[in-house]
Amino acid sequence: MMENSDWMSKLPPHLHTVPLFNLAIPGSHDSMSFDLDVNSSIVEPDQLRRFSRFCCVRKLMFRWGTTQVSDPEPAETETTRETAGAPPAGGEHQGAAGRRSPLPGPKDRPQAQRPGSQQALLLPRAVHTERRGGFDKLAATLHNYLIHFIKTLFGPKLLLKTDKPILKTCWDQGRNVIVSYDHPAYQQSALWNKIQYYYGDSMERRVIVSRLSQVLEKEKPSNCFFVCGLNMTLPSDRRILKYILRICDSFPSVVRRSLPKLLQWVQQQNRNTPFNIVASDVVTRSGFVPTVVRLNGKPLKG
């Protein structure tokens, strides 16, 4: 629903001065995968690269590499990932590269004043530098170029690193964009350190629940952002065939079947061990955003 796009401003006043890492925030996993390019030269996982010249393989990759969908459910015809209020949250990618950049272009530069909008946009892993053969091997000049691009793009909207980021500070200073750059050699005040991303690394709901329960009860960091990913992960070995050879199935369909029960678990778990950023695939479905927002104690239609 459209009202989800401004859910932060609708939170009770006492939450405006609570650190953002103590709020429940909905996030989307692999946000740009809704627009994968079947003809891209970038192919993941590695095991499928040598077969990627075959059209049928690329179609399989498209069906099982797409983690988000651009067409919402009928009841959410005005909702997209942005209007749903779910900022991007990173994670491992499968499939071909997206056709659109995950960062907005010059025409999309955030404005100093945006009437009616009081969101704080978090990009927990907008720049993910640990991938094999990825940014971890880029020359320092390329890192510096990318950092310069980010700072130029968002400019005064970037919230500088602070011990306790709160909504009131974001609104008062007009700084509502937080970017995490997780390469340790390039930390600076305009870019936040790596935000830990926990996920189940499985296609099985019980495994995901077990792993995240352990994190929340024993490993959850304090006084900093962290992401609990409800996202599923395809196996990296021959077990992947169990899924991708299902002719009439797809990754979004598998997620839609599991997400309602995962969200039920989130609501139950949050009573004892609160979440921070909750990321998921197919965030425009199953009432994901309003369910996470309600963890803050504020009713939201959906």
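- Counting only residues at least two apart or in different chains, ring pair (Phe, Tyr, Trp, His ring centres under 6.0 Å) contacts with residues 201-225 comprise Phe21-Phe225, Trp192-Phe225.
- A salt bridge links Arg211 to Glu219: one of the charged nitrogens lies within less than 4.0 Å of a carboxylate oxygen.
- Under a hydrophobic clustering in which Ile, Leu, Val, Met, Phe, Trp and Tyr are joined whenever their side-chain heavy atoms come within less than 4.5 Å, directly or via other members, Val18 and Ile166 fall into different clusters.
- Annotation for Tyr197 and Gly229: closest pair OH-CA, 3.8 Å, computed over non-hydrogen atoms.
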Review point. Given Ile178 and Leu20, is the side chain to side chain contact (heavy atoms under 4.5 Å, CB included) satisfied, shown in steps?
Key: CA-CA 11 Å; Ile178 295 175; Leu20 287 172; 4.0 Å; yes
Stepwise side chain to side chain contact (heavy atoms under 4.5 Å, CB included) check, Leu15 with Asn296: CA-CA 9 Å; Leu15 294 180; Asn296 296 302; 4.1 Å; yes
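- A side-chain N or O of Thr273 and one of Gln269 form a donor-acceptor pair less than 3.5 Å apart.
- A distance-only check finds a donor-acceptor pair linking the side chain of Ser213 to the backbone of Val209 [under 3.5 Å].
- Contact annotation: the side chain of Thr162 never approaches that of Thr169 to less than 4.5 Å [non-hydrogen atoms, C-beta and beyond].
- A single hydrophobic cluster is seen to contain both Val179 and Phe149, as judged by linkage of ILVMFWY side chains at heavy-atom distances under 4.5 Å, directly or through other members.
- Distance alone, capped at 3.5 Å, places no donor-acceptor pair between the Lys194 side chain and the Tyr181 backbone.
- The side-chain hydrogen bond (donor to acceptor under 3.5 Å, both in side chains) search around Asp172 returns Lys168, not counting sequence neighbours.
- Transitive grouping of hydrophobic side chains (ILVMFWY, heavy atoms separated by less than 4.5 Å) keeps Ile147 and Tyr145 in distinct clusters.
- No more than 12 heavy atoms of other residues, nucleotides or ligands shown are found within 6.0 angstrom of CZ on Arg206.
- Note that CG of Leu146 and NZ of Lys151 are 12.0 Å apart. Values are rounded to the nearest 0.5 Å.
- If you chain together hydrophobic residues whose side chains sit under 4.5 Å apart, Leu245 and Ile240 fall into the same group.
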- Begin with the C-alpha distance, continue with both residues' side-chain angles, and end with the deciding distance and a verdict on side chain to side chain contact (heavy atoms under 4.5 Å, CB included) for Met203 and Leu234. CA-CA 6 Å; Met203 291 291 285; Leu234 287 168; 3.8 Å; yes
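- Counting heavy atoms from C-beta outward, Lys161 and Asn193 have side chains that approach closer than 4.5 Å.
- Within the 4.5 Å cutoff, no side-chain heavy atoms of Lys220 are placed close to those of Tyr198.
- Partner Leu295 forms a side-chain contact (heavy atoms from CB on, under 4.5 Å) with one of Leu23, Ile25, Asn270 and no other, that one being Asn270.
- Between Leu259 and Ser280, the shortest heavy-atom contact is CD1-OG, 3.5 Å.
- Note: Thr141 OG1 to His148 NE2 = 13.5 Å, rounded to the nearest 0.5 Å.
- When all heavy atoms of Ser253 and Ser250 are compared, the closest pair comes out as OG-OG, 3.1 Å.
- Here the side chains of Pro19 and Asn223 are not in contact, with every heavy-atom distance at 4.5 Å or above.
- Scanning both residues, Pro274 and Phe226, for their nearest heavy atoms gives O-CZ, 4.0 Å.
- Taken to the nearest 0.5 Å, the OG1 atom of Thr233 stands 5.5 Å off from the OH atom of Tyr199.
- Each of Val282, Asn231, Leu230 was checked for a side-chain contact (heavy atoms from CB on, under 4.5 Å) with His29, and the lone residue meeting it is Asn231.
- Annotation: side chain of Pro235 is in contact with side chain of Tyr243 (closest heavy-atom distance under 4.5 Å).
- Here the shortest heavy-atom pairing between Ile208 and Ser202 reads CD1-O, 3.7 Å.
- Pairing each heavy atom of Leu11 with each of His16, the nearest pair is O-NE2, 3.1 Å.
- Applying the ring pair (Phe, Tyr, Trp, His ring centres under 6.0 Å) rule to pairs touching residues 255-284 yields Trp265-Phe275, sequence neighbours excluded.
- Under the 4.5 Å side-chain heavy-atom criterion for Ile, Leu, Val, Met, Phe, Trp and Tyr, Leu241 and Val254 are members of the same hydrophobic cluster.
- Rounding to the nearest 0.5 angstrom, the gap separating the CZ atom in Arg294 from the CG atom in Leu263 is 9.5 Å.
- In this structure, Asp249 CG and Ile244 CD1 are separated by 12.0 Å, a value rounded to the nearest 0.5 Å.
- Annotation: side chain of Val283 is not in contact with side chain of Pro26 (no heavy-atom distance under 4.5 Å).
- Atom SG in Cys228 sits 9.5 Å away from atom CD1 in Ile277 (nearest 0.5 Å).
- Under a 3.5 Å cut-off, the side chain of Arg175 and the backbone N or O of Leu158 do form a donor-acceptor pair.
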